[in-house]
Amino acid sequence: KRRRKLFTLAFILDGHNILLGLKKRGFGTGIWNGFGGKPLENETIVEAAVREIEEECGLKVEPKDLVHFAVNHFEFKDCPEIHEVHIFKCSRFQGDLKESDEMFPVWFNLTQRPRSHVWIDDELWYPLFLEGVRFRGYFVFEDFSKSCIEKCLIVDLD
Ligand code: 6U4
Ligand code: NA
Ligand code: NA
């Protein structure tokens, strides 16, 4: 059985606006995305999501306000681990938006979010996310740069 590596990915929503962050360092530098990362030891996925949101954009959210919405599985032909990304959305938050070492956060109207400088799988599942359809996605990439999707399956759970 292949090893799994867990990640969180959270989208903060406010009416017709979505908060995205431009990644400033590490994996995916220069790419717009939600906020998230790897759970620490002894941390649940929800606890990790709460912590990563505050670390990366300054906003405070309550665990109960995070809606676990979808899971994406990413497999790379040159890597033994499968990345399992747990996607949350959250419409309640407190605190002030703050740029971090890792992310530059910006509010976008849902219809005007960036289409370039995003992961190539996003355009395949964002429509479901925006329509409120729960799903599980499976993506196989050529390599770690994620420039080419080799296989993709998205299972609609609703
Ligand atoms: P460090 O630098 O170790 O503190 P950490 O914040 O724990 O990093 P990071 O930023 O590497 O983790 O996590 C990657 C983030 O990118 C997670 O939120 C998951 C997300 N992600 C990875 N591949 C993705 C993809 N293909 N499409 C997507 N989000 C992806 O939309
Ligand atoms: Na991160
Ligand atoms: Na992080």
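Remember, it's 1-based here, ligands and their atoms both numbered in the order they're listed. The chain is numbered in sequence order, starting from 1. For the numbers below, each heavy atom of this structure counts, side chains included, while hydrogens, waters and symmetry mates do not.
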**Student:** Inspect the surroundings of CG in Asp101 and state if more than 12 heavy atoms from other residues, nucleotides or ligands are less than 6.0 Å away.
**Tutor:**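 For Asp101, atom CG is not crowded (no more than 12 foreign heavy atoms under 6.0 Å).
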
**Student:** Aromatic rings Trp107 and Phe93: how do their planes relate, parallel, tilted or perpendicular, breaks at 30° and 60°?
**Tutor:**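 Aromatic pair Trp107/Phe93 classed tilted.
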
**Student:** Examine distances only and state if a side-chain atom of Lys146 and a backbone atom of Phe76 form a donor-acceptor pair shorter than 3.5 Å.
**Tutor:**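 Not confirmed, Lys146 side chain does not pair with Phe76 backbone.
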
**Student:** Mind checking what makes side-chain hydrogen bond (donor to acceptor under 3.5 Å, both in side chains) contact with Asp121, not counting sequence neighbours?
**Tutor:**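 Once residues adjacent in sequence are excluded, the partners of Asp121 under the side-chain hydrogen bond (donor to acceptor under 3.5 Å, both in side chains) criterion are Trp125.
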
**Student:** Between Lys23 and Glu102, is there a side-chain N and carboxylate O pair less than 4.0 Å apart?
**Tutor:**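 Answer for the salt bridge query: yes.
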
**Student:** Determine whether more than 12 heavy atoms belonging to other residues, nucleotides or ligands lie under 6.0 Å from atom NZ of Lys151.
**Tutor:** no

**Student:** Can you name the residues that come within less than 4.0 Å of ligand 1, going by heavy atoms only?
**Tutor:** Phe7, Thr8, Leu9, Lys23, Phe27, Asn33, Gly36, Gly37, Lys38, Glu52, Glu56, Phe74, Val85, Glu102, Trp119, Asp121, Asp122, Trp125, Lys146

**Student:** For Arg3, is the CZ atom crowded, meaning more than 12 foreign heavy atoms sit under 6.0 Å from it?
**Tutor:** no

**Student:** By the side-chain hydrogen bond (donor to acceptor under 3.5 Å, both in side chains) test, which pairs, at least two apart or in different chains, include something from residues 26-38?
**Tutor:** none

**Student:** Restricting to under 3.0 Å, identify the protein N, O or S atoms around the Na ion (ligand 2) as residue plus atom.
**Tutor:** Gly36 O, Glu56 OE2, Glu102 OE2

**Student:** Does CG belonging to Asp158 count more than 12 external heavy atoms closer than 6.0 Å?
**Tutor:** yes

